[in-house]
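As structure tokens, the structure follows; a few thoughts come after it.
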Amino acid sequence: MFETLDLAIKRIQLEEENAVTIKVKGGYRTLHLSDIMYLDYRNHVVSYHLLSGETISTSTLRIGFAEYLMQNHEEDDIVLCHESVAVNIKSIDKLTKTDIMVRNREILPVAKSRYAQVSEKYMNYRFR
């Protein structure tokens with residue numbers, strides 16, 4: 001019985017580690033990292049684009065996008081690929097020096113200055 005309880009606790013902890021809770025208008029929302037394709041930042045709002053096609057937006061932020069990513073996704077496999085776009089490394093289907101294609105077939109830009117960092121993180125993830 002204790003083994004079963006230990007296993008259940010480990011599963012709950014694993015689920016919590018693989019999720020992020022964000023502040024949205026009217027409350028909070030928990031998103032599983034495996035559902036997040038990419039994030040974009042416009043007019044002080046971060047929008048999470050999910051595999052399902054749904055887009056979840058944060059409340060208006062008082063900080064910049066890079067700072068938001070450091071506070072909320074520092075340990076996650078999310079990397080800034082352009083000034084206002086960050087991609088979940090696990091959602092990448094194709095990476096070139098100028099573009100990323102994610103699982104839902106959307107194309108995201110890659111800044112020249114960010115390609116090396118994105119490429120390194122992608123290769124580290126693929127060949128762990």
Side-chain angles (χ1 to χ4, degrees):
M1 181 169 136
F2 288 113
E3 288 179 32
T4 304
L5 286 174
D6 286 341
L7 182 60
I9 290 170
K10 286 179 184 176
R11 284 188 181 164
I12 290 170
Q13 288 172 340
L14 180 63
E15 286 178 14
E16 288 174 0
E17 288 174 8
N18 292 322
V20 60
T21 301
I22 61 170
K23 187 173 183 179
V24 296
K25 291 180 182 176
Y28 293 90
R29 177 96 184 248
T30 299
L31 304 174
H32 293 277
L33 293 175
S34 61
D35 293 335
I36 299 170
M37 304 298 287
Y38 67 95
L39 297 71
D40 67 23
Y41 180 73
R42 288 190 191 123
N43 300 322
H44 302 283
V45 173
V46 175
S47 296
Y48 286 77
H49 299 265
L50 307 180
L51 182 58
S52 66
E54 187 178 10
T55 301
I56 308 296
S57 297
T58 64
S59 305
T60 302
L61 302 176
R62 297 174 191 244
I63 59 175
F65 190 44
E67 187 176 348
Y68 176 83
L69 290 174
M70 287 183 67
Q71 288 179 5
N72 294 282
H73 296 287
E74 186 174 23
E75 300 297 320
D76 302 333
D77 285 325
I78 294 182
V79 63
L80 197 60
C81 60
H82 202 268
E83 183 177 307
S84 61
V85 180
V87 65
N88 183 345
I89 290 295
K90 296 174 183 175
S91 73
I92 295 175
D93 272 348
K94 182 180 177 183
L95 172 64
T96 69
K97 289 188 177 188
T98 58
D99 298 312
I100 292 172
M101 181 190 296
V102 291
R103 285 185 289 179
N104 64 359
R105 301 292 183 229
E106 286 189 62
I107 305 294
L108 309 175
V110 177
K112 286 181 184 180
S113 61
R114 305 253 183 227
Y115 175 75
Q117 179 186 11
V118 174
S119 177
E120 179 181 354
K121 197 158 188 176
Y122 178 66
M123 296 307 278
N124 287 340
Y125 168 71
R126 288 290 174 210
F127 298 106
R128 288 183 198 186

Practice task
Answer yes or no: does atom CD of Glu54 have more than 12 heavy-atom neighbours from other residues, nucleotides or ligands under 6.0 Å?
Solution key: yes
Completion exercise
To the nearest 0.5 Å, atom OG of Ser57 lies from atom CG of Leu61 at 10.0 Å
Problem - Heavy-atom closest contact (Pro109 atom, Cys81 atom, distance) - result: O-SG, 3.4 Å
Problem - Cluster overlap Ile107 with Ile92, hydrophobic side-chain contacts below 4.5 Å - result: no
Practice task
Working to the nearest 0.5 Å, report the span between CG of Asp99 and CG of Leu108.
Solution key: 8.5 Å
Practice task
Determine, step by step, whether Val102 and Lys94 satisfy the side-chain contact (heavy atoms from CB on, under 4.5 Å) criterion, reporting the C-alpha distance in whole Å, the side-chain angles of both residues, the deciding distance to 0.1 Å, and the verdict.
Solution key: CA-CA 7 Å; Val102 291; Lys94 182 180 177 183; over 6 Å; no
Practice task
Side-chain contact test, heavy atoms from C-beta onward, threshold under 4.5 Å: evaluate it for Val110 versus Thr96 and give yes or no.
Solution key: no
Handout entry: Common cluster, Val79/Tyr115, ILVMFWY with side-chain heavy-atom separation under 4.5 Å
Key = yes
Handout entry: Side-chain donor-acceptor contact under 3.5 Å, Asn18 with His32
Key = no
Practice task
Determine the interplanar angle of the His44 and Tyr41 rings, folded into 0 to 90°, and report it as parallel if under 30°, tilted if 30 to 60°, perpendicular if over 60°.
Solution key: perpendicular
Practice task
Check whether more than 12 heavy atoms from other residues, nucleotides or ligands sit under 6.0 Å from atom CD of Glu106, and answer yes or no.
Solution key: yes
Handout entry: Flag, side chain of Asn88 to backbone of Ile36, donor-acceptor distance under 3.5 Å
Key = yes
Practice task
Examine distances only and state if a side-chain atom of Thr55 and a backbone atom of His49 form a donor-acceptor pair shorter than 3.5 Å.
Solution key: no
Exercise for the section: For the pair Asp77 and Lys90, find out whether any cationic side-chain nitrogen is under 4.0 Å from an anionic carboxylate oxygen. Expected result: yes
Handout entry: Beyond-backbone contact of Leu31 with Ile22, side-chain heavy atoms, under 4.5 angstrom
Key = yes
Problem - Ionic contact status for Arg105 with Asp93, cut-off 4.0 Å - result: yes
Handout entry: Contact summary for Ala19 and Thr30, nearest pair of heavy atoms
Key = CB-CG2, 3.8 Å
Problem - Common cluster, Leu51/Leu33, ILVMFWY with side-chain heavy-atom separation under 4.5 Å - result: no
Practice task
Would you mind reporting whether Ile89 and Ile78 have side-chain heavy atoms less than 4.5 Å apart?
Solution key: no
Exercise for the section: Spell out, yes or no, whether Leu39 and Val85 are grouped together once hydrophobic residues are joined by side-chain heavy atoms under 4.5 Å, including indirect joins. Expected result: no
Handout entry: Side-chain heavy atoms of Arg29 within contact of Thr21, under 4.5 Å
Key = no
Exercise for the section: Would you check if Val46 and Asp40 make a side-chain contact, meaning some heavy-atom pair closer than 4.5 Å? Expected result: no
Exercise for the section: Mind checking the OG-NE2 spacing from Ser113 to His82? Nearest 0.5 Å is all I need. Expected result: 8.0 Å
Exercise for the section: Please tell me if the side chains of Tyr122 and Ile100 come closer than 4.5 Å, counting only heavy atoms from C-beta onward. Expected result: no
Problem - Single-linkage hydrophobic cluster Tyr125~Leu95, side-chain heavy atoms < 4.5 angstrom - result: yes
Fill in the blank from the handout: Shortest non-hydrogen pair, Phe65 vs Ser84, comes out as CE2-C, 3.6 Å
Handout entry: Sidechain N-carboxylate O distance under 4.0 Å for Glu120, Arg126
Key = no
Handout entry: Close side-chain approach of Met37 and Arg103, heavy atoms under 4.5 Å
Key = yes
Exercise for the section: For this output row, return yes or no: ring centroids of His73 and Tyr48 closer than 6.0 angstrom. Expected result: yes
